[in-house]
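A short worksheet on the structure shown next.
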There are 2 protein chains.
Amino acid sequence: MTNLLANLSISVNEKLYVKNPETSDLGKKIIEHSILLIHEIGFESFTFKKLGDKIQSNESSIYRYFENKHKLLLYLSSWYWSWIEYRLVFATTNVSDPMEKLAKAIEIVTEEIKDDLSITHINESILNKIIIGEFTKTFLTKEVDEENKEGYFLVYKSVVNRIILMIEEVNPDYKYAKTLASTLVQGALHQHYLKEHFKNITNLSESNCLADFYIDLIKKTVL
Amino acid sequence: MTNLLANLSISVNEKLYVKNPETSDLGKKIIEHSILLIHEIGFESFTFKKLGDKIQSNESSIYRYFENKHKLLLYLSSWYWSWIEYRLVFATTNVSDPMEKLAKAIEIVTEEIKDDLSITHINESILNKIIIGEFTKTFLTKEVDEENKEGYFLVYKSVVNRIILMIEEVNPDYKYAKTLASTLVQGALHQHYLKEHFKNITNLSESNCLADFYIDLIKKTVL
DNA sequence: AATAATTGATAGTATTACTATTATATTTGT
DNA sequence: ACAAATATAATAGTAATACTATCAATTATT
């Protein structure tokens, strides 16, 4: 899996960058350290100036790759969901039993990425933490509708749509496949956040895993 | 209900304001128009300067009520969840059947506030829209843990805890009452957002209500 | 070696998020 | 009704943010 990805590269919607960061050392450095810096100080405090200082480069150079930090976050999110989609497809192909297939998808979408699986400049474990804490901010803006039209959220929607199809495969008569799938993907991020900051309103813990909750839920509601 | 509230006032954690906005005309104007202005231009673009212009008052005067716009949003959120809690308690007391009680709670938490029910300066329908679009931003910050300790999220957690208790009343052996309750409250906001901006990944629509989805889900999983 | 492209350094602008000061209303206590 | 207290308005000022523009210095390409 990890080895496979070494020779596969994830491509992101071209409208999200001015210059493709994958095409240069500086670009890769921007991606690598933006993930670390956003994780360290939070998206609100993150600025291109601070990132420039971190990578011994200049603010103005970063602007040649990304219009602004919002686009950068959209880029990172898009990369993340592409990575999830790839792993989701990989884990579910050739699984003939619909429920087993759905269960595998749930595992991919709910698991916390613990180790840095990457050989690349992208630390998926930290990126996963950023997505948990910052992803909703990419679409909770006044510009959602325009940005949605531009296709900035296509990969995310694609992940949800794949799960919708799997739910329908399990039971074509279930009335709320869409709501359930989107609840699952968004809810998983939220539960991971609660686990870190609002422990007493979640059952998630070291010993209790999220996939169990969702698989139990889906077996009872959809099947 | 509406009449009852006219003589009941909701009090908000004192640490969230410098001066209680309920104690003056200017304070009430700040609350009333901050709701309208945040709805109109979004929280990111909202500033105290713009609010001052809107209410023909001065930026510096608004700073005497709230430290910054983040605290203002926390204030509005706290007010909103208190209002929800009040209605939740009101709707569920004296309902003896646990499932019926839970169903009523679900209705309160999932319904979209359509009309302005208020006689006060607070437009609950628009406030509901703000909560849908901006509430998660109050806690997705680097300061969550400190602010949580200060009690800024107490009312929200109280609403979730009431639902946890109701789930446990329905079935004390259900293993994921906390996760389910927090998923419900957060998920409801999210689904309303999807309905407005990402229609094709939700079943929510004019004809399809959210409470039905959750009541179906809870009857199948908890009962 | 010449040319093109990339990056770095510096400067500059408008806006934001405040704080401080002083003037002007408005309220309240006697 | 008048003085004192309090609230609000107006103005100015600061540091940081979110950029844009220009030009110099590197580095890569032909």
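Quantities reported herein were computed from a predicted structural model and do not represent experimental measurements. Chain A is the first sequence line, chain B the second, and so forth, proteins listed ahead of strands; every chain is numbered from 1.
Considering only side-chain N and O atoms, Ser60(B) lies nowhere under 4.0 angstrom from the phosphate OP1 or OP2 of dA9(D). For Lys19(B), a side-chain nitrogen or oxygen approaches OP1 or OP2 of dT8(D) to under 4.0 Å.
Tested against Thr92(A), the residues Glu107(A), Arg87(A), Arg162(A), Met166(A) include a single side-chain contact (heavy atoms from CB on, under 4.5 Å) partner, Met166(A). With Leu16(A) as the partner, the side-chain contact (heavy atoms from CB on, under 4.5 Å) test is satisfied by one option alone out of Val18(A), Asn13(A), Asn20(A): Asn13(A).
Of the charged side-chain nitrogens involved, none lies within less than 4.0 Å of a carboxylate oxygen, so that Glu59(A) and Lys49(A) do not count as a salt-bridged pair. In this structure, Glu40(A) does not pair ionically with Lys142(B), as no charged nitrogen and carboxylate oxygen lie closer than 4.0 Å. Between Lys195(A) and Glu112(A), at least one side-chain N (NZ, or NE/NH1/NH2) sits under 4.0 Å from a carboxylate O, which counts as a salt bridge.
Side-chain rings of Phe48(B) and Phe66(B) stay apart, their centers remaining 6.0 Å or farther from each other.
We find that CZ of Phe46(A) is positioned 10 Å from P of dA18(D), with the value rounded to whole Å. In this entry the distance linking OH of Tyr17(A) with P of dT6(C) reads 14 Å, nearest Å. The distance between atom CG of Leu51(A) and atom P of dG8(C), rounded to the nearest whole Å, is 12 Å. When rounded to the nearest whole Å, the span between CG of Leu72(A) and C1' of dC19(D) equals 15 Å. Distance, Tyr65(B) OH to dT8(D) C1': 8 Å, rounded to whole Å. Distance CD (Glu44(B)) to C1' (dA17(C)): 15 Å, rounded to an integer number of Å.
Within the 4.0 angstrom heavy-atom criterion, no nucleotide atom of any strand lies near Lys49(B). Using a 4.0 Å heavy-atom cutoff across all strands shown, Phe66(B) reaches no nucleic acid atom at all. Looking at heavy-atom distances under 4.0 Å, Tyr63(B) makes contact with a base. At a threshold of 4.0 angstrom between heavy atoms, the contacts of Thr47(A) are confined to the sugar-phosphate backbone, with no base atom among them.
Of the candidate nucleotides dT20(D), dA9(C), dT8(D), dA9(C) has the atom lying nearest to any side-chain atom of Asn58(A). Set against dG8(C), dT6(C), dT8(D), the side chain of Ser61(A) has dG8(C) as its closest nucleotide. Side-chain atoms of Glu59(B) lie closest to dA17(C) of the nucleotides dT17(D), dA17(C), dT20(D).
Within a heavy-atom distance below 4.0 Å of DNA chain C, the residues of residues 24-43 of chain A found are Ser24(A), Leu26(A).
Using a 30° and 60° split on the angle between ring planes, Phe198(A) and Tyr193(A) fall in the tilted class, from 30° to 60°.
Both Glu67(B) and Arg64(B) sit near DNA chain C, but only Glu67(B) has its closest nucleotide nearer the 5' end.
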